[in-house]
Amino acid sequence: MTLPRHAKTVIIGGGVIGCSIAYHLAREGRTDIVVLERSKLTSGTTWHAAGLVRRLRPSATLTKLINYSIDLYGELERETGQATGWTQTGSLTLATNQDRLTNIKRQVSLGRAFGLEADVVDAPRAKELWPLIETDDVIGAVWSPADGRVNPSDVALALSKGARARGVQIFEDTTVTGLQKKAGRISGVEVGEHVIEADEVVIACGLWSREVAAMAGAHMPLYACEHFYILTKPLPEVQALGKGAHLPTLNDQDAFLYARDDVEGLLVGCFEPHAKGLPLERLPADFSFDLLDEDWDHFMPMMENALRRIPALERAEVRMLLNGPESFTLDSQFMLGESPEVPGLFLMGGMNSTGIALAGGAGKAMAEWIIAGEPTMELNEADIRRFSPEMNVLGALEARIPEVLGRHYDNPFPGRSMDTARGQRRSPIHVGLVAAGAQFESRGGWERAVHFGGEAAHLPLSFGVPAWREQVAQEVETCRTGAAILDQSAFGKIMVQGPDAKDFLNHLCAAQMDIAEGRIAYTQILNARGGVESDLTVQRHGPDTYLLIVGAGEVVRDLKRMRETRGDFRVEFTDVTSGYAIIGLAGAKAREVLQATSNTPVPELKRFHFAPVEIGLARGWVGRLSFTGEEGYELYIPSDMAMTAYEALVEAGASHAGLYASGSLRIESGFRAFGHELTPGTTPPEAGLGAFCAFGTGFVGEAALKDHDPERQIVSLLFDDPDAIPIHDEPIYFDGKVVGQITSAAWSYRFGRSVALAMLTSLPQGLQDGDVIPGFEVEIACTRYSARISRKPAKEAFQ
Ligand SMILES: NCCCC(=O)O
């Protein structure tokens with residue numbers, strides 16, 4: 001085979017991810033696909049992956065993707081003749097403390113929403129299932145019979161065989177030396193002097209992906225870590241199982257361990273809390289089917305944990321301490337999608353040690369994305385557009401990634417944030433918030449105040465009543481009856497200017513953009529299917545000038561869509577996020593406090609209007625709206641005057657509130673949020689926002705919404721039992737059947753119980769707007785709690 005001069009799609013990387021993308025592209029009917037592998041298939045990370053595949057995961061997206069993978073791995077041999085090593089051993093996950101038990105029970109409940117059956121078992125049953133373990137400290141476990149293991153290299157080979165059978169050309173020992181672009185779009189791949197022109201290029205080459213993406217000027221923030229497991233020689237206890245018999249795969253996450261049997265011995269791996277980052281310079285250029293040096297000093301604390309859990313290891317002879325590199329992302333979710341910087345360049349990687357389990361489902365999702373030009377399923381949490389170029393700073397990756405590996409088995413408590421690489425992006429009023437005792441979370445590189453009272457009010461983290469509940473009660477009260485500063489500076493701000501600004505925005509956004517100067521419109525940006533791609537407000541500052549206020553962390557995604565939608569419209573967009581602070585001022589006394597800062601009258605504003613304002617010595621503009629749903633304002637102030645304005649507000653008596661307070665009020669008010677109620681797979685009518693669509697303006701997605709009679713619906717929900725503490729994704733039952741899932745939840749200080757928003761996939765017949773329907777149950781960590789629903793906001797419906 002000689003390298004072609006042209007291919008429709010070139011995939012760089014012949015590991016399990018590259019092979020899966022190729023296989024699924026071909027299966028979807030795409031032809032003219034080339035895979036380039038610098039060494040041999042699977043020679044990077046795939047060959048040394050442990051191959052455990054567990055279905056139960058903390059999020060709906062991961063659960064769906066992995067379920068698809070496992071089903072596929074079970075079928076590939078029939079199709080390709082190449083075995084994948086799929087063995088349905090079941091998996092056993094241990095809990096040695098109440099938080100862990102709650103966490104794994106939460107995953108069981110989530111799995112049930114997808115028809116997955118798993119059992120919560122006691123320690124004696126766990127011991128029956130895995131006779132080699134010590135269970136004195138085990139307080140419960142989850143037995144998931146549909147899980148198992150594969151041989152990772154064989155999975156990749158089966159996928160590559162299936163791809164080849166459909167015409168995919170695979171070239172080994174072929175190193176990509178450069179990427180070519182034409183007019184900013186990817187146009188080809190260089191292999192030394194040879195150029196393969198391509199319509200699309202996919203980078204899926206594991207640890208090397210960041211560097212390869214950089215060849216085209218694209219950002220792919222991932223970084224490698226050393227990952228360890230031991231392999232023992234045969235053990236009599238494992239041999240005694242009998243030929244062909246296997247233990248379930250084992251997770252002891254409180255001890256940072258996983259294990260399975262391996263050639264009559266054991267494989268025991270770890271996600272140790274203090275992991276070792278791996279600068280790529282340490283790898284030789286010809287690193288292939290290679291490993292890193294053993295490091296027993298580093299592994300020893302994990303070995304001690306393993307010996308406690310599996311005493312038979314005392315008698316085992318360790319065959320090797322395998323140290324193989326794997327790549328991780330800043331937020332511990334993998335990434336996929338089209339590069340925001342380089343159209344036609346698709347990126348997938350940072351699999352966070354879940355690559356084998358994810359490869360099937362994520363490869364399919366990526367293939368569909370490439371063909372459709374946009375995701376065909378809910379992938380927000382993995383979408384590469386969540387990363388801005390700032391997040392690809394090497395120093396941030398080096399600092400954060402070892403922590404990501406170390407927290408792989410952490411309980412995903414609400415309020416959990418990483419400790420490293422903090423303070424990268426700070427609000428212009430950050431110093432003031434620190435002095436006021438803010439506790440921050442780190443999201444998308446930003447520090448965002450979640451509540452006040454500092455760490456003392458934050459810890460310990462819990463799935464139950466959070467430590468901050470009382471602190472946030474005060475903040476909620478201030479947001480309603482006082483004047484609370486809510487820092488919203490992390491929101492994205494995009495200036496849109498040009499003679500066609502209005503027409504362009506009418507095409508881009510679903511609401512009417514022909515609004516008067518000084519007005520604010522609430523709207524969504526939709527995809528061609530009518531799904532929500534962004535949720536935003538739009539201010540008209542002049543005949544040809546608008547300012548878009550978009551979600552925190554959504555600027556990269558929104559700018560990409562705007563560029564793709566621009567066509568012939570004469571319009572320019574500028575990211576001005578760093579140029580302005582946004583200070584929310586919420587509560588009944590907001591206007592009074594604002595006036596007390598100013599020698600000029602604060603303008604009388606109708607809702608969704610804005611006007612210039614003076615705040616102490618600062619000047620900005622004020623809009624009358626609040627994300628809390630209570631009375632309130634947003635102040636937009638140039639960054640260099642933001643502290644001046646902030647100090648004046650504090651001087652005038654404003655207090656503080658954080659995201660937890662505003663989140664609770666938002667949910668009570670029934671306000672939808674992007675990434676929760678609003679997703680690319682949800683239409684405005686499904687979200688109850690049909691009234692905000694200006695039919696007739698020719699907005700993207702309009703055609704898909706004509707005659708759209710939604711069967712699904714966002715509803716408000718109030719729990720009856722104050723002990724019910726939902727977080728996200730919990731399944732909802734009616735008449736014993738799953739009818740939906742929670743999309744956002746919070747403690748309601750108004751009701752003294754949890755409130756939530758939820759997507760119901762099947763609505764009770766004849767449900768009217770004002771109805772309150774009892775009889776629903778929500779399953780949280782395997783316990784059912786009764787709840788009432790209504791289409792109205794909770795604060796109106798459940799009074
Ligand atoms: N790469 C090892 C993954 C182990 C686990 O899924 O728990």
Side-chain angles (χ1 to χ4, degrees), residues 15-17 42 44-59 62-63 65-67 69-70 73 85-95 100 103-104 107 111 116 118 130 133 141-144 146-153 155-156 206-207 224-231 247-262 266-273 275 291-292 299 302 305-306 309 321-329 332-334 349-362 401 404-412:
V16 71
I17 302 297
T42 78
T45 301
T46 302
W47 74 275
H48 61 70
L52 281 61
V53 281
R54 284 185 294 121
R55 293 175 193 257
L56 298 179
R57 298 284 167 170
S59 83
L62 288 182
T63 307
L65 292 175
I66 292 176
N67 271 293
S69 296
I70 297 178
Y73 301 162
W86 162 246
T87 312
Q88 188 177 337
T89 59
S91 77
L92 183 69
T93 304
L94 307 178
R100 179 68 61 189
N103 183 32
I104 59 181
Q107 293 184 10
L116 291 178
W130 234 92
I133 56 172
V142 165
W143 163 238
S144 174
D147 291 346
R149 52 197 266 189
V150 290
N151 180 344
S153 295
V155 171
L207 323 175
C225 266
E226 303 183 28
H227 178 53
F228 296 88
Y229 60 75
I230 54 162
L231 292 161
L247 293 163
T249 64
L250 178 74
N251 280 91
D252 179 7
Q253 299 175 344
D254 296 322
F256 317 106
L257 298 177
Y258 61 87
R260 65 168 169 82
D261 60 86
D262 185 81
L266 289 176
L267 176 159
V268 184
C270 67
F271 292 100
E272 69 281 20
L291 293 170
L292 304 161
F299 189 73
M302 297 298 109
N305 287 359
R309 180 61 61 214
L321 170 55
L322 183 144
N323 178 5
E326 294 190 345
S327 48
F328 294 79
T329 60
S332 74
Q333 295 288 2
F334 77 106
M351 305 310 290
N352 297 291
S353 211
T354 316
I356 304 304
L358 272 170
I401 297 304
V404 173
L405 182 149
R407 286 174 172 247
H408 187 70
Y409 282 157
D410 254 16
N411 283 319

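Along the sequence shown, the residues carry numbers beginning at 1. This one's a predicted model, so the numbers in the text were calculated from it and none came from an experiment. Values below: every heavy atom of this structure, side chains too, minus hydrogens, waters and symmetry copies. First listed ligand is number 1; within each ligand, the first listed atom is number 1.
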- Task: Could you tell me whether the side chain of Trp86 and the main chain of Ile70 form a donor-acceptor pair under 3.5 Å?
- Result: no
- Task: Check each atom of ligand 1 against the heavy atoms of Arg54 and keep those under 4.0 Å away; list them by number with element.
- Result: 5 (C), 6 (O), 7 (O)
- Task: Heavy-atom contacts with Tyr409 under 4.0 Å: which atoms of ligand 1 show up? List them by number with element.
- Result: 4 (C), 5 (C), 7 (O)
- Note on the structure: Counting from 1 in the order shown, the ligand 1 atoms closer than 4.0 Å to a non-hydrogen atom of Arg57 are 6 (O)
- Query: Does an N or O from Asn251, backbone or side chain, lie closer than 3.5 Å to an N or O of ligand 1?
  - Reply: yes
- Query: If you take all heavy atoms of Ser69 and Gly360, which pair is closest and at what distance?
  - Reply: OG-N, 3.2 Å
- Salt bridge or not for Asp261 and Arg149, using N-O below 4.0 Å? yes
- Query: Which atom pair, heavy atoms only, marks the closest approach of Ile66 to Arg55?
  - Reply: CG2-CA, 4.1 Å
- Message: Counting only heavy atoms, tell me which of Gly324, Ser353, Cys270 gets closest to atom 3 (C) of ligand 1.
- Response: Ser353
- pair Leu266-Leu247: side-chain heavy atoms closer than 4.5 Å: yes
